[in-house]
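Scroll down for the structure; my scribbles are underneath it.
Residue numbering restarts at 1 for every chain, and letters A, B, ... go by the order of the sequence lines.
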2 protein chains.
Amino acid sequence: MDVKTLCLGLLTQGAASGYDLKKRFETCFKSFYSAGYGSIYPALAYLADTDLVTCEEISQDGRPDRKVYRITDKGRDYFTEALASHQPAHKMRSEFLAMIFFAEFIPPDRLNKLIDERAEELQQILKELEAMSDTLAKHPDSGVEFVAGFGQTITRAALDYMQQYRHLLTKETSAQRQAS
Amino acid sequence: MDVKTLCLGLLTQGAASGYDLKKRFETCFKSFYSAGYGSIYPALAYLADTDLVTCEEISQDGRPDRKVYRITDKGRDYFTEALASHQPAHKMRSEFLAMIFFAEFIPPDRLNKLIDERAEELQQILKELEAMSDTLAKHPDSGVEFVAGFGQTITRAALDYMQQYRHLLTKETSAQRQAS
DNA sequence: CATAAATATCTCAAATTGATATATAACGGG
DNA sequence: CCCGTTATATATCAATTTGAGATATTTATG
């Protein structure tokens, strides 16, 4: 499931420009899949090349042309087939956890700041996921519902854990006591 | 926190070859940060170039030379400084959740298989994290402890959620009933 | 009235992935 | 004893992705 395929997937929800698609990534996939313009625009160019989407250029005065992409029947087939056959990978890169792993090299103040900042990020994500669940009352969709609930559960678990166990990190070690 | 910096970090735990380092990534950072040879070997070459590590080539009969890397004082300083100043990013790419998001395009059998397989992966990760916690009894380290506990908490939350709410996905929708 | 944010596309160097190539030893099953 | 698999060990490379920046205008906001 590369950015190409997911652009196709998001286009099943309706025609969109690259700019729009970026926003859909941010609202729908926030918390578990990110994509920047650097991958979205080349993806759309490729999809148009291979007739999985069509591109309608709408000229606007002043700004660059707005290019609206629409999924084709071939594209829909391709997407369904991708969902049916692709083996999903799970990749994560948490620099936060990587740094905390080396907590013994980090002064307590800095550790507290790192945790507080990460907690704030998670609170933000939680808020957005809750907003997503609210929207669903009007447009029910089991997949979206499951994913939004999943995100909320995980995020709450992360927040709880951090608050409950942060003291583990800032308790002075014998090494740190000697240094001070 | 790129692979370069984390190689340096792992080398604070003792000298290692690229091959060893890969295994350390897999045991220590499993579940939250992965790195392949394709990034580790270039990283080590760069670190050696900039005197953050030294490289000792140990010739072995038959196999290629084993190159053992050791962190230098300069490297240790660089790493501590990186931990002190770097803003940690959190990136995740869950193709699993991305696919589930589009559950309405996926037949129930396939959905069940996807969930079962993901659950198995999570069980496996959980087992490894628990093994990590056990090891800690002998070599206590607050950072490692926190991270291992964090992973366990999140993983259990994910597994629980999946089992509790998977029925949301495989309940037939009106669209699917019509198709059959 | 200035200035920040939103709209909109695109490029590019750098980092990373994932697969592959190379070569040997060790281990277990048939 | 042979065969396949796993472990040891390094390295390269195309494809993908990131993250930042270039460009240019309109629309809010203070």
Using whole Å, report how far CD1 of Ile40(B) lies from C1' of dT12(D). 15 Å
Does atom OH (Tyr78(A)) have a neighbourhood of more than 12 heavy atoms from anything else shown, all under 6.0 Å? no
What integer distance in Å separates Ile58(A):CD1 from dT7(C):P? 16 Å
Are Arg118(B) and Glu121(B) close enough for a salt bridge, meaning some N to O gap below 4.0 Å? yes
DNA chain D contacts made by residues 4-30 of chain B, counting heavy atoms under 4.0 Å: Ser17(B), Gly18(B), Tyr19(B), Lys23(B)
Side-chain atoms of Tyr41(B) come closest, of dT17(D), dA9(D), dA15(C), to dA9(D)
Taking side-chain hydrogen bond (donor to acceptor under 3.5 Å, both in side chains) as the cut-off, I'd like each qualifying pair that reaches into residues 145-155 of chain A, sequence neighbours left out, listed once. Ser133(A)-Gln152(A), Gln152(A)-Arg156(A)
Separation of dT17(D) atom P from Leu44(A) atom CG, nearest Å, is 13 Å
For Glu117(A), which residues count as a side chain to side chain contact (heavy atoms under 4.5 Å, CB included) partner, sequence neighbours excluded? Lys113(A), Gln87(B)
Over how many whole Å does the gap from Tyr46(B) atom OH to dA15(C) atom P extend? 8 Å
Quick one: list whatever passes side chain to side chain contact (heavy atoms under 4.5 Å, CB included) with Lys91(B), sequence neighbours left out. Ser34(A), Arg93(A)
For Arg66(A) and dT9(C), what is the distance between atoms CZ and C1' respectively, to the nearest whole Å? 12 Å
Taking only residues at least two apart or on different chains, which pairs with a member in residues 81-101 of chain A satisfy ring-ring contact (aromatic ring centres under 6.0 Å, His included)? Phe101(A)-Phe29(B)
Ignoring backbone atoms, test whether Ser39(B) places a side-chain nitrogen or oxygen under 4.0 Å from the OP1 or OP2 oxygen of dT17(C). yes
Show me the side-chain donor-acceptor pairs of residues 38-53 of chain B shorter than 3.5 Å, one per line, residues at least two apart or across chains.
residue, atom, partner, partner atom, Å
Ser39(B), OG, Gly36(B), O, 3.2
Thr50(B), OG1, Tyr46(B), O, 2.9
Thr50(B), OG1, Leu47(B), O, 3.3

What residues 82-99 of chain A contributes to the DNA chain D interface at heavy-atom separation below 4.0 Å is none
Between the two end axes of the helix from dC1(C)-dG30(D) to dG30(C)-dC1(D), each built from 5 base pairs, what angle do you get to the nearest 10°? 50°
What pairs of nitrogen or oxygen atoms, one from the protein and one from nucleotides 19-21 of chain C, lie under 3.5 Å apart?
none

Kindly indicate, with the supporting measurements, whether the criterion side-chain hydrogen bond (donor to acceptor under 3.5 Å, both in side chains) is fulfilled by Glu128(A) and Gln124(A). CA-CA 6 Å; Glu128(A) 287 165 37; Gln124(A) 183 56 36; 2.8 Å; yes
Just to verify, what does Ala15(A) make a side chain to side chain contact (heavy atoms under 4.5 Å, CB included) with, not counting sequence neighbours? Val68(A), Arg70(A)
Residue whose nearest DNA chain D nucleotide is more 5′ - Val68(B) or Met1(A): Val68(B)
Is the side chain of Thr80(B) donor-acceptor paired with the backbone N or O of Arg76(B) at a distance under 3.5 Å, no angle test? yes
Under the salt bridge (Lys or Arg N to Asp or Glu O under 4.0 Å) definition, can you give me all pairs with a residue in residues 13-22 of chain A, not counting sequence neighbours? Asp20(A)-Arg66(A), Lys22(A)-Glu26(A)
Please confirm whether the ring centroid of Tyr165(B) lies under 6.0 Å from the ring centroid of Phe146(A). no
Residues passing the side chain to side chain donor-acceptor pair (under 3.5 Å) test with Lys4(B), sequence neighbours excluded, are none
